[in-house]
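Have a look at the structure below before the remarks.
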Amino acid sequence: MLAETTINIGTIIAILVYVLLVGYLGWLGFRNTKTATDFLVAGRKTHPFVMALSYGSTFISTSAIVGFGGAAGLFGMSLLWLTMLNIFVGIFIAFVVFGGRTRAMGHHLDAHTFPEFLGRRYQSKFIQVFAGIVIFLFMPLYAAAVLIGGAEFIATQFTISYETALLIFTLITAAYVVTGGLKGVMYTDALQGAIMFIGMTILIVWAYIKVGGILPSHQALTDMAGLVPGKLRDMGHQGWTSMPLFGWGDKKYDLWWTVVTTITMGVGIGVLAQPQLIVRFMTVKSQRELNRAVPIGGVFILMMTGVAFTVGALSNVYFNKYGAPLNGRVSKVIDEQKSFAVLQITKKDDTGNWVDVEGKMAPVRLTGDSVGAIVSAGQTVPVVQGRSISIIYAQGNVSQIIPLYVTSAMPKWFGIIFLLTLLSAAMSTLSSQFHTIGAGIGRDIYEQLQPKHGGTLGITRIGIIIGIIIAVLWSYFWQKSPIIIARATAIFFGLCASAFLPAFIGGLFSKRMTKQAAIWSMIVGFAVTSFWLLFVKAQEAGDIGLVQKITGGKTSILAGYPNWPTVDPLVVALPISILVAIIVCLATKPPSKEHIDKCFRRK
Amino acid sequence: MLGLQDKWVALAYILCIASTLLCVVYGIFAWNKGQTDVSQEDMRWAKEEKKAEKKM
């Protein structure tokens, strides 16, 4: 009790110190003008560490650490393909191939938001307003994923309800955002990035040491393949160090399509069309600053998603070795040699007799002798103990795996560091998300539709408040939906890729790309993604509920065709959007030479 | 390989580290490349950006 009180006081002091430090840096930034733009105005170079950590802390949020880390706890290390894409596409390709061009063209066109960039590149007010609307409507979904990730950890760490944790987390981050976080002060972002780096470094070192080192822990995880729950096995889960079963036309391939198309490709490719990240390229002084940020960014992302996904998967080894023993009767022997079995979970009733807990089964490694006996189907059978896997201890809630691991496996003091890590991850990402939402509603929608521009400030603020409210409501109502954090993030990233990527890449690299091609690729990309989410992708369509009304209860119009309901919209929408861009581009008149010269000119 | 059952997962593990090394090596070689002076256009952009920041 005393220790708990000490921890609570320590935690409160740590949070206060952190909030004061962030507030102080924000105030310094406000007073001394230290946003990225100020560096540019002053003609000074941004320190590469500051630039890279600032970008990285915006890119990586509680969604990646808690949401995708938890998904790795369920699906395994196959998620490392996403880390590979995060580093190679999200850092290397983004900085080396896209960054410099985006910066140059953005300055030529005097564009300050992503929708404005597209609108001016294609001389189309429609494009700017359309992109602004898409961002305003769907960015809160991504913000909700960030909020859920933070709230889940606070709920576990302080053993309070999710609703209370969500309220606390929202108030802290909203206070930060409203009191200056939106300015994107680079030193604050960098401090948050540094805290995240330290937190995740401790996490991975501890995790590997705790379960016996790098190779032995991988081997231990490999040896646990027999404990994959039946439902996941039926979907193609082959173990935490294997890819899901690949193929087409059978439910046993469903997991491969979820892991590869939704979790890996959606976010891995979608990062290139993230509005809040693209604008960062415009604030640097030259390509040299981008080049210098590449190595730091690469290492940073490896230590964020690489660590979260590895620790998420390895949490299974930890719980299987050190988790609280579960009591139950053996329902099925999986592997006698390894003592793997499926337990029907039991508990003692008021009279002290063992009884089954209705519908609660768990794959376990049996750990010892019987602790009692139970009468089942007329026979007396022993009640035994066993240790299970992460998702069982998280009671089926994927978002709980990382918080539960941290509170169970890590020392108490680390809980404070991890809380600060998550606060940092959430604040830096949320501030840029709400900045983008505000700019979307103010500059990209209102100012384009209202030529006199009066009252933009008020509209921007109202837009941000609406965005925060929508994000909180989504976090409140959708928290229980399976792997919701990863899915919500993937929806936004995939939507951005399908709606914006062909127009963005075409605009950056092709002088032939036309306004009509950009408009139609955006509309088609958005429409196909929306259709797929509403009517085909079973989890999303099922949550929305429209398809059930049309089909009389089915969660997908392709419910009778295996694998289709698990395919991510990106796989269908992006190729169609690219195809539309190419066809319309070839069928329409090229833009004027004068405009193209303006876009592509060298200094 | 590396204690991992599937070679595709082992490849992902290795490629994560390889991609990071690529970033590091690229950064070392390109550390001083791509420097350009701040132009009038850049300054104009930055001043407009400051105005936009104020609206936030």
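Values below: all heavy atoms of this structure, side chains included; hydrogens, waters and symmetry mates excluded. Naming: A, B, ... by sequence-line order, numbering from 1 per chain.
Distance CD1/A:I301 to OG1/A:T83: 9.5 Å, rounded to 0.5 Å. Note that CE of A:M105 is 11.5 Å distant from CZ of A:F98, once rounded to the nearest 0.5 Å.
For chain B, no part of A:A225 is nearby; none of its heavy atoms comes within less than 4.5 Å. With a 4.5 Å cut-off on non-hydrogen atoms, B:Y26 touches chain A through its side chain but not through its backbone. Of the atoms belonging to A:I214, it is side-chain heavy atoms, and not backbone ones, that fall under 4.5 Å from chain B.
Ring geometry, A:Y55 versus A:F281: the interplanar angle falls under 30°, so the pair is classed parallel (tilted spans 30 to 60°). Using bins of under 30°, 30° to 60° and over 60° for the plane-to-plane angle, the ring pair A:F114/A:F117 lands in the parallel bin. In this pair, A:F92 and A:F88 present their aromatic rings parallel. The plane angle is below 30°, not in the 30 to 60° band.
Between chain B and the options A:I91, A:V299, A:L85, A:V96, the largest number of non-hydrogen pairs under 4.5 Å is found for A:V96. Taking B:G27, B:C16, B:A10 one by one and counting their heavy-atom pairs under 4.5 Å with chain A, the maximum is reached by B:C16. Of the listed residues (B:L21, B:V24, B:V25, B:I28), the greatest number of heavy-atom pairs within a distance under 4.5 Å of chain A belongs to B:V24. Put simply, of A:A104, A:G298, A:S242, the one with the most heavy-atom pairs under 4.5 Å next to chain B is A:S242. For the set A:M77, A:H112, A:M84, the entry with the most heavy-atom pairs within less than 4.5 Å of chain B is A:H112. Of the listed residues (A:I296, A:V294, A:D223), the greatest number of heavy-atom pairs within a distance under 4.5 Å of chain B belongs to A:V294. Top candidate by heavy-atom pairs under 4.5 Å with chain A, chosen from B:E48, B:R44, B:K7, is B:E48. Per-residue heavy-atom pair counts under 4.5 Å with chain B were compared for A:G297, A:G106, A:A111, and the maximum is reached by A:A111.
For B:C23 against A:I87, the heavy-atom pair with the smallest separation is SG-CG2, 3.9 Å. Taking both residues in full, the closest heavy atoms of A:I464 and A:F434 are given as CG1-O, 3.5 Å, listed atom of the first, atom of the second, then distance.
Listed for the A:W81 side chain is no donor-acceptor partner under 3.5 Å among the backbone atoms of A:G268.
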